[in-house]
Amino acid sequence: MGLLASGAAHELGTPLSTVCVILGDWQRMPAIAADPQMLEEIDEMQVQVQRCKSIVSGILLSAGEARGESPVATTVRTFLDELVEEWRADAPRHTASPTRIDLAMTCRLFPTRLSSR
């Protein structure tokens with residue numbers, strides 16, 4: 001059941017994002033921007049799309065996914081500090097220069113990008 005819910009949640013993510021982009025485009029169109037009633041309706045649609053996205057995220061969390069195994073809010077600085085710390089801990093095992101992150105580390109961080117090449 002969780003696998004089906006997870007699959008459905010992933011499939012819904014793209015159309016919801018597309019609808020969100022289209023609504024934003026419509027909101028900026030001069031004919032619609034001049035019509036307060038249309039703007040109000042677009043705002044309501046955007047609220048509902050965000051609600052759907054939250055529901056999809058909840059489904060993914062319940063299935064143990066959530067766009068990553070254990071999602072954690074962080075800053076870029078913290079992420080990079082932890083990356084450098086991990087690299088330094090592994091550095092004695094590597095022959096690469098200190099200015100290059102070795103390929104094994106990159107594969108662990110971005111497996112889908114490298115596996116498609």
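Basis for what follows: all heavy atoms, side chains included, without hydrogens, waters or symmetry-related copies. Since this is a predicted model, take the numbers as computed values, not measurements.
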>> With side chain to side chain contact (heavy atoms under 4.5 Å, CB included) as the criterion, how do Leu83 and Leu80 come out once you've worked through the C-alpha distance, each side chain's angles and the decisive distance to 0.1 Å?
In response: CA-CA 5 Å; Leu83 175 66; Leu80 291 175; 4.3 Å; yes
>> Is there a continuous path of hydrophobic side-chain contacts, each under 4.5 Å between heavy atoms, that joins Val21 to Trp26?
In response: no
>> Are Gln27 and Ile32 packed together at the side-chain level, in the sense that at least one heavy-atom pair is separated by less than 4.5 angstrom?
In response: no
> Which heavy atom of Ala33 sits nearest a heavy atom of Leu39, and at what distance?
Replying inline: O-CD1, 3.3 Å
> Are side-chain N/O atoms of Gln46 and Gln50 paired as donor and acceptor at under 3.5 Å?
Replying inline: no
>> I'd like to check Met38 versus Glu41 (side-chain heavy atoms, cut-off strictly below 4.5 Å). Are they in contact?
In response: yes
> Rounded to the nearest 0.5 Å, how far apart are CD1 of Ile22 and OG of Ser17?
Replying inline: 11.0 Å
>> Rounded to the nearest 0.5 Å, what separates atom CG in Asp35 from atom CD in Glu40?
In response: 10.0 Å
> Looking only at side chains, do Thr75 and Thr78 share a donor and an acceptor under 3.5 Å apart?
Replying inline: yes
>> I need the minimum non-hydrogen distance between Leu23 and Ile42, along with the two atoms involved.
In response: O-CG2, 3.7 Å
> So do the side chains of Arg51 and Val47 get within less than 4.5 Å of each other, counting heavy atoms only?
Replying inline: no
